Protein chains: 2
Amino acid sequence: MSDDTKALVRSTALRLFRERGYAATTMRAIAQEAGVATGNAYYHFASKDHLVQELYLDVTREHAVAARAVLAQGGDLTARLRGVMLAGVDAFAEYHAFGAEFVTVAIRPGSAASPFSAESGASRELSQSVFRELVEGASPAVPAGLREELPELLWLAQLGVTLFWVYDGSPGQRRTRTLVEGIAPLIGRLVRLSRLPVLRGAADDVLALVKAVRS
Amino acid sequence: MSDDTKALVRSTALRLFRERGYAATTMRAIAQEAGVATGNAYYHFASKDHLVQELYLDVTREHAVAARAVLAQGGDLTARLRGVMLAGVDAFAEYHAFGAEFVTVAIRPGSAASPFSAESGASRELSQSVFRELVEGASPAVPAGLREELPELLWLAQLGVTLFWVYDGSPGQRRTRTLVEGIAPLIGRLVRLSRLPVLRGAADDVLALVKAVRS
DNA sequence: GTGTTCAGTTGAACATGTTCAACTGACTGC
DNA sequence: GCAGTCAGTTGAACATGTTCAACTGAACAC
């Protein structure tokens, strides 16, 4: 019954998270709703954070599907970035009421739900691969010097947009959409300009900085 | 005795936070160490978050003093930004072991300790005023078009650096210092370049975006 | 058949943030 | 003087994440 129980706890938890948010969903409620003892949930999931991590995986998958549909249409870097980011806003929209709570959990460095944690590896890989496809399939092509680092930078930008989204109380997250509409062409323009001699130095600095900081 | 008690609880809490971190400092321990009942701490501070907010205020004040000493030396935008940001890394260094916990608390949108919260108004104003002085006193002067918005953007950049700092496990937060050493001249360069015709459009886009997003 | 093992399960126990009804004592109005 | 008020204070009670010793039953060895 182990696998069944684990799946049951998982789906029950995700449903309650969607219905009630993070704080209002107690471990006791999850266990009771799933018809198991409290301690049993802990046998299958080390903590409440690990259950939230499962929710992230779900949402990331939804976003990846929507994003790939957008990417299949081709387009230049700006259009593709805009499409993928807006798909993200749409995919997350359902959770906006509780988004704040969840991001709180996610940002805690030690948390299993952190986008940088080992436990989030699956979500992170999936999400980053979408941004790799975004960059690689752009036409006109992204300058060679940037092609390697840009996907990860765009993934970080997406995290930043998500952080903004959390604080965005406007109806339908209009401000976040405005941010995406503005930031996508801005990034597209800067990437194009990075080829010009005046900006070549700045572009190199950015790449050198990314490498220096990473090591 | 109210004011005395409040000050006593405050200072006891800050001491324990510094000694033990956030999670390991229980409200009961604070109250006991201060020689008052648990409930009494709650009479003076609505929540544990509100006590953390007091810690932020302390740290922000230390940073402001150090930053102003740097700014008194003059310099161009790059030098001033570098100095202020490094002063921040130094001011926070003492708390790095527990920084992650505290930022977790700070980033929760509803939290009193959030840098955007009403309760953090005093810290925020103080910190932003430092960045205003940074921009206004820079020589050569910052282009007029940017002078108004730049301070807040730099303040946001500082929040970003702080977020990076939280995840920075390198000894002495070397990676964060590398980031600052790289990002200060980069921002300085972009601000200088913003006057050039090629970048004028991008600079205007940034400002327009900031305004659109804010409203 | 009998004993052993062990993944899976149980529910009570624990620590901690927070709430609350009750108490205290200084000050006020008369 | 005396009753009343109310800021300040108390400690028990509550809810919740998490832990843990004990139990169950199926699979396996002999």
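Since the model is a prediction, treat every value here as computed from it, not as a measurement. Order of the sequence lines sets the chain letters (A, B, ...), proteins ahead of strands, with each chain counted from 1.
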Got a sec, which residues hit salt bridge (Lys or Arg N to Asp or Glu O under 4.0 Å) with Glu54(A), two or more places apart in sequence or on another chain? Arg10(A)
The side chain of Thr5(B) is closest to which nucleotide in this list: dT10(D), dT9(D), dT18(D)? dT9(D)
Tyr43(A) vs dT9(C): side-chain N/O to OP1/OP2 distance below 4.0 Å: no
May I have the distance from His50(B) (atom NE2) to dT19(C) (atom C1'), rounded to whole angstrom? 16 Å
Roughly how many Å is it from CZ in Phe45(A) to C1' in dG17(D), rounded to a whole number? 16 Å
Side chain of Ser47(A) (C-beta onward), nearest among dT18(D), dT9(C), dT18(C): dT18(D)
DNA chain D: Gly39(A) or Ala24(A), which has the more 5' nearest nucleotide? Ala24(A)
Quick note, Thr38(A) side chain, CB onward, closest among dT9(D), dT18(C), dT18(D) is dT18(D)
Using a cut-off of strictly less than 4.0 Å, decide whether Asn40(A) has a side-chain nitrogen or oxygen near OP1 or OP2 of dT10(C). yes
Residue pair Val103(A) / Tyr56(A): nearest heavy atoms and the distance that separates them: N-OH, 3.8 Å
Under the salt bridge (Lys or Arg N to Asp or Glu O under 4.0 Å) test, residues paired with Arg174(A) that sit two or more places apart: none
I'd like to know whether Phe17(A) forms a ring-ring contact (aromatic ring centres under 6.0 Å, His included) with Phe102(A), so could you lay out the CA-CA distance, the side-chain angles of the two residues, the decisive distance to 0.1 Å, and finally the verdict. CA-CA 10 Å; Phe17(A) 281 147; Phe102(A) 289 123; 5.7 Å; yes
Separation of dG8(C) P from Lys6(A) NZ (nearest whole Å): 10 Å
Computed from five pairs at either end and rounded to 10 degrees, the angle between the axes of the helix from dG1(C)-dC30(D) to dC30(C)-dG1(D) is 10°
Tell me the closest heavy-atom pair linking Ala113(B) and Gln53(B), and the distance in Å. CA-OE1, 3.9 Å
Could you tell me whether the side chain of Ser123(B) reaches within less than 4.5 Å of the side chain of Gln128(B), counting heavy atoms only? no
Does anything in residues 25-33 of chain B come within less than 4.0 Å of DNA chain D? Heavy atoms only, and list the residues if so. Arg28(B)
Provide, to the nearest angstrom, the distance between the NZ atom belonging to Lys48(B) and the C1' atom belonging to dT19(C). 17 Å
With Glu33(B) via salt bridge (Lys or Arg N to Asp or Glu O under 4.0 Å) - residues at least two apart: Arg15(B)
Just checking, Lys48(A) and Tyr22(A): is the charged tip under 6.0 Å from the six-membered ring centre and within 45° of the axis? yes
Partners meeting side-chain contact (heavy atoms from CB on, under 4.5 Å) with Glu149(B) (sequence neighbours left out): Leu207(B), Val210(B), Lys211(B), Arg214(B)
Mind calculating the distance between OH (Tyr42(A)) and P (dC14(C)) to the nearest angstrom? 17 Å
If the cut-off is 4.0 Å, is His44(A) near the phosphate of dT9(C), judged by side-chain N/O to OP1 or OP2? yes
